[in-house]
J.: 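First, the structure itself, so that you have it in front of you.
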Amino acid sequence: MMRAEAGDLQHSIAPDMRDTDLAPEVLDRQLERVWGTPATLWGILATVDHKRIGRRYVATAFIFLAMGGVLALLMRLQLAGPERRLIGPDRYNQIFTMHGANMMFLFAVPVMEAIAVYLVPLMVGTRNIAFPRLNAFSYWIYLAGGVLLWVAFALDMGPDIGWFAYVPLSGPQYGSGKRADIWAQMITFTEIAALAVAVELVVTVLKQRAPGMSLDRVPLFVWAMLVTSFCVIMAMPAIMVASTSLILDRLVGTHFYNPAEGGDVLLWQHLFWFFGHPEVYIIFLPAVGMISGILPTFARRPIFGYLPLVLALIATGILAFGLWVHHMFATGLPRLGESFFTASSMAIAIPNGVQIFCWLATLALGRPVLAAPLLFVLAFFFTFIIGGLSGVMVASVPLDTQVHDTYFVVAHFHYVLIGGAVFPLMGAIYYWFPKLTGRMMSERVGRVVCGLVFVGFNLTFFPMHILGLQGMPRRIYTYQPDMPWGGLNLFVSLSSCLLAAGFLIFFIDIMRCMRWGLPAGDNPWNAATLEWATTSPPRSYNFARIPVVSSANPLWDEPELLVSSGLRVERRELVISTVAAAVPEARDASPANSIWPFFAAIATTGMLISSIFTPWAVVWGSLPVMVTLIGWFWPKSTPEDQA
Amino acid sequence: MTSILQKPRMAFDLSELPLHGKRSASLTWWGTLGFMLIEGSGFALVLAVYLYLASIATEWPLGAPPPDLLPGTIVTAVLLLSLIPNMLVSRWARQEDLRKVRIGMIVMALLGIAPLVPRAFEFSALNVLWDSNAYGSITWTLLGLHTTHLITDLIDTLVLSALMFTRHGRNPRRFGDVQDNAMYWNFVVLTWLPIYASLYGIPRL
């Protein structure tokens, strides 16, 4: 279809035309014809451009962040004083469940993968992500899962079982109606989406790197996403096994979690946290990569300790799978097991410490420029270290038993998640916004946002440590006036307005600067990595000629970036290179735009939602899925299918 | 690798590279490995659940005799035998011998259908229902999961066989698909072996 629209130039392009001798403007025009997405409804639904899909993914995740933030404000309004009657207990249960599930499954993991979908192909110097149609499918499935959760909430069918949905509360005995099933099936949607992106990223990083980008020259954000993707691949099946077996218990009467028939409720916690703890690092490792990407640019020197940083990423990714039981210290497990998991929980502080010291050394040895992205990184240092310290505290069994299920834990995980991931994420938005939009964000507003969010965050969440130590349990919809919690709760609620104001200004600044920001140019920060070697925003084909890399900081170390030639220009073609040394080994085709992933996502959505209500939906619902998948994979006689 | 570096300012010429890499030079091969890793993790976890439930039970199997061996053993034998033609198809695809690949794909499609027949009897040979107790739940889930695995790969094989009889068949890309499909079938067979050992062996310990 693209070919028919390609117009008259098509006729003058020979079937095996190469880019070698083409003038730059002719090359640009021809590549745009082959790689571009038409501005039609079909184009919007059928595009497989990783940048369009990445932008969509990021925007959708931020909308979910804002919606989850509104829920948080509602909870703070309710808890501002004792015995307030704004929200009833049933709605409150739905709200805190929605807040957690939304933030973890619809915001935190997707936004990190979304930024990687946008940046990784640019950073490794290729023209599209591996399996671009799977990428399109992933976005639609993610969107469907998010819509399912929020529509259910609007219909008073929102899950009310906590974001980790412990049985027996979520089982058939106590969780009546379809609320728990909505939670479980939302998991299926988001995990399919996340797993798809993980496979795309692994293959993109391993096989599509620019010639010469050997493993020791891979940008640290790309390393972080490689490790994260492997964590996703190993961890997410656990939550799919858990949520599927929960649906089976609820729908067809299996007994996985029914102790009366040989099942076990702690089995749920093992399965959930075998996923849930790596999940923390699935969110944190990309943030680590962002920091390692931002720091050198503003410290004006290469990162200190590239190799230790890579090893720390890998070590964290491996250790992440040996910690899950520290979420279960209060369940009465054998002492030896508890000791083991205390030790492993403390051991993960070692690679994280190595990272922190490498970053501090980078700053100390450089000439830091205190621009907005770096300010967010500094805010990260302060906040994440507090979260890490309270983490070491709750890793010890006696202390954990005392503060389990209190606001101390709420404070701890918001310090590590917001401090550890959201601050670097906001820094990353300020840093990469010029690449995405071609315009700068406001430096002045950026400082105000950073200040408001940093102060607002600490004033909101630090007192929660004290509330927890004073015994305030999490997930209560109100408390009595004779409890000594009223004053601090009011303080926390007022502080949360400061935090919310910071986010509001952040969102307004994004909207404003997308249209009226100052033009950025290709490399506004004078950064070193390949995403800055192309236009802002990049053209549909990313690079007119694939760069050739001979250093870890190509734009700093090479006076003039070398490029390669010899690719065909009348089909989507990119370079496949070897895993370790990135020596080119093939010029493979990259799939063209297709509407089939969209149809496949609709068919899959129909099957998954129907199967909440009847198990037979899995049988008849898989027929449309099969048809759309065949449509997707059947060759279309395009030049891309030639070999 | 160093040749790139030793010629400063010289553009790197890609024009002589093949249009489609084979095996580890093909993206599909890596993607297939990725999905095998996902599914392998899933199977390992479900087996872990089986062992976990067995470890906390006072008796195993719970309230049922051990499963009958015959249907499951026939499935295992058919699957193991199917590895031989599977390897052959993969070799013919590597040699890009379209005629042999077409015959081989038909054989593999039939060998994809064959284990489903004893598999249908295998469920009742478990001697327990999914809603009887946790033992029934996990055995049905393990068997159901692997049956889904068999069926999805069968559909994949059928579509690919049909494709090999069209004008799209004579294409190195298709031969690569056939090799990846063969690799995936090896995976389907290999994942069955620990499941077979657990389903039929552990209740007899």
Side-chain angles (χ1 to χ4, degrees), chain A residues 18 20 130-131 195 198-199 202-203 206-208 211-212 214 233-234 236-238 240-241 245 248 252-256 258 261-264 267 270-271 274 545-546 548 550 560 562-567 575-576 579 581-589 626 630 633-635 637 641-643, chain B residues 1 4-5 7-22 24-28 30-31 33-35 37-46 48-49 52-53 56-58 62-63 130-138 140-141 155 159 163 166-168 171-174 176:
Chain A
R18 302 303 175 90
T20 315
F131 314 120
L195 284 164
V199 172
V202 166
V203 178
L206 293 182
K207 293 305 292 177
Q208 289 188 197
S214 49
I233 287 174
M234 311 292 281
M236 298 251 173
M240 291 190 72
V241 169
S245 53
L248 289 174
V252 300
T254 55
H255 297 288
F256 288 104
N258 177 10
E261 293 292 351
D264 185 47
L267 172 62
H270 281 295
L271 281 174
F274 186 77
R545 295 179 192 278
I546 302 299
V548 178
S550 57
E560 189 187 347
L562 298 181
V563 292
S564 54
S565 63
L567 291 184
V575 185
I576 307 298
V579 172
V583 177
E585 51 182 352
R587 306 175 277 133
D588 214 334
M626 196 174 81
I630 292 173
F633 287 104
W634 196 268
S637 301
D641 193 47
Q642 295 168 9
Chain B
M1 185 42 223
I4 307 169
L5 311 178
K7 293 180 198 165
R9 292 173 196 289
M10 279 278 285
F12 193 88
D13 184 22
L14 303 161
S15 58
E16 297 306 312
L17 292 175
L19 281 178
H20 178 65
K22 291 183 177 171
S24 74
S26 135
L27 296 184
T28 339
W30 285 90
L33 279 190
F35 282 98
L37 191 56
I38 292 173
E39 287 159 31
S41 307
F43 276 116
L45 280 161
V46 179
V49 171
Y52 180 91
L53 290 170
I56 59 167
T58 46
L62 282 173
W130 68 89
D131 56 359
S132 308
N133 54 40
Y135 166 71
S137 306
I138 188 62
W140 274 73
T141 303
I155 294 169
V159 174
L163 197 49
T166 68
R167 68 197 157 85
H168 300 293
N171 181 332
R173 214 171 272 281
R174 288 298 94 67

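Letters go in sequence order (proteins before strands), and every chain restarts at 1.
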J.: Give the minimum heavy-atom separation between A:E585 and B:S24, together with the two atoms involved.
T.: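 For A:E585 versus B:S24, the nearest heavy atoms are OE2-O, 3.9 Å.
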J.: Which atom pair, heavy atoms only, marks the closest approach of A:A589 to B:R173?
T.: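 Smallest heavy-atom distance, with atoms named: CB-NH2, 3.7 Å.
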J.: Rounded to the nearest 0.5 Å, how far does CH2 of B:W130 lie from CG of A:L248?
T.: 10.5 Å
J.: Is B:W30 close to A:V202 at the side-chain level, that is, under 4.5 Å between some pair of heavy atoms?
T.: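 Side-chain contact under 4.5 Å: no.
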J.: What residues, two or more places apart in sequence or in another chain, satisfy salt bridge (Lys or Arg N to Asp or Glu O under 4.0 Å) together with A:D264?
T.: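 Per chain and number, A:D264 pairs via salt bridge (Lys or Arg N to Asp or Glu O under 4.0 Å) with no residue.
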J.: Please classify the contact between A:I576 and chain B as side chain, backbone, both or neither, with a heavy-atom cut-off of under 4.5 Å.
T.: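 Side chain of A:I576 only, per the 4.5 Å heavy-atom cut-off to chain B.
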J.: Check each atom of B:L62 against the heavy atoms of chain A and say whether the ones under 4.5 Å are side chain, backbone, both or neither.
T.: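 Answer is side chain: those atoms of B:L62 sit under 4.5 Å from chain A.
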J.: Would you compute the distance between atom CG of B:L27 and atom CG of A:L206 and round it to the nearest 0.5 angstrom?
T.: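 If I round to the nearest 0.5 Å, the distance is 10.5 Å.
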J.: Taking side chain as everything from C-beta outward and backbone as N, CA, C, O, which of these in B:A25 sits under 4.5 Å from a heavy atom of chain A? Side chain, backbone, both or neither.
T.: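 Both backbone and side chain of B:A25 come within 4.5 Å of chain A.
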J.: How far does NE2 of A:H255 sit from CG of B:D131, to the nearest 0.5 angstrom?
T.: 5.5 Å
J.: Taking all non-hydrogen atoms of both residues into account, name the closest pair between B:S41 and A:P237 and its distance.
T.: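 Taking every non-hydrogen atom into account, CB-CG, 3.8 Å.
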J.: Which residue out of A:G262, A:S637, A:P635 racks up the most heavy-atom pairs below 4.5 Å with chain B?
T.: A:P635
J.: Using every non-hydrogen atom in the two residues, find where A:G263 and B:A134 come nearest and quote the distance to one decimal.
T.: N-CB, 3.5 Å
J.: For A:M236, I'd like to know if atom CE has over 12 heavy atoms of other residues, nucleotides or ligands within 6.0 Å.
T.: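 Counting other residues, nucleotides and ligands, CE of A:M236 exceeds 12 neighbours.
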J.: Under a 4.5 Å heavy-atom cut-off, does chain B meet the side chain of A:D588, its backbone, both or neither?
T.: both
J.: So which part of A:R587 gets closer than 4.5 Å to some heavy atom of chain B, the side chain, the backbone, both or neither?
T.: both
J.: Where does B:I56 contact chain A at under 4.5 Å (heavy atoms): side chain, backbone, both or neither?
T.: side chain
J.: At a heavy-atom separation under 4.5 Å, does A:I630 approach chain B through its side chain, its backbone, both, or neither?
T.: side chain
J.: If every non-hydrogen atom of A:F131 is compared with every non-hydrogen atom of B:G31, which pair is closest and at what distance?
T.: CZ-CA, 3.6 Å
J.: Shorter than 4.5 Å, heavy atoms on both sides: which option in A:S245, A:A198, A:A130, A:G566 has the most such pairs with chain B?
T.: A:G566
J.: State, to 0.1 Å, how close B:L17 and A:P584 come at their nearest heavy-atom pair, and which atoms those are.
T.: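 Of all heavy-atom pairs spanning B:L17 and A:P584, the closest is CD1-CB, 3.6 Å.
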J.: Could you check which of B:V49, B:L33, B:V46 has the highest count of heavy-atom pairs closer than 4.5 Å to chain A?
T.: B:V49
J.: Can you tell which part of A:M240 gets under 4.5 Å to a heavy atom of chain B, answering side chain, backbone, both or neither?
T.: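 For A:M240, there is no contact with chain B at all, as no heavy atom is under 4.5 Å.
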J.: Non-hydrogen atoms of chain A under 4.5 Å away: do they reach the side chain of B:N171, the backbone, both or neither?
T.: side chain
J.: Taking C-beta and beyond as the side chain, do A:W634 and B:T166 meet within less than 4.5 Å on heavy atoms?
T.: yes
J.: Please determine whether side chain to side chain contact (heavy atoms under 4.5 Å, CB included) holds for the pair B:F35 and A:V199, giving the CA-CA distance in whole Å, both sets of side-chain angles, and the decisive distance to 0.1 Å.
T.: CA-CA 7 Å; B:F35 282 98; A:V199 172; 3.8 Å; yes
J.: When rounded to the nearest 0.5 angstrom, what distance separates CG in A:D641 from CZ in B:R174?
T.: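 It is 4.5 Å, given to the nearest 0.5 Å.
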J.: Within this structure, what is the OG1-CG distance for the pair A:T20 and B:L14, rounded to the nearest 0.5 Å?
T.: 8.5 Å
J.: Just so I understand: if I count every heavy-atom pair under 4.5 Å between each of B:G136, B:G40, B:G34, B:S132 and chain A, which residue has the most?
T.: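 If we count pairs closer than 4.5 Å to chain A, B:S132 comes out on top.
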J.: Can you tell me which portion of B:L163 sits under 4.5 Å from chain A's heavy atoms? Options are side chain, backbone, both or neither.
T.: both
J.: Kindly compute the distance separating OG1 (B:T28) from CZ (A:F633), expressed to the nearest 0.5 Å.
T.: 9.5 Å
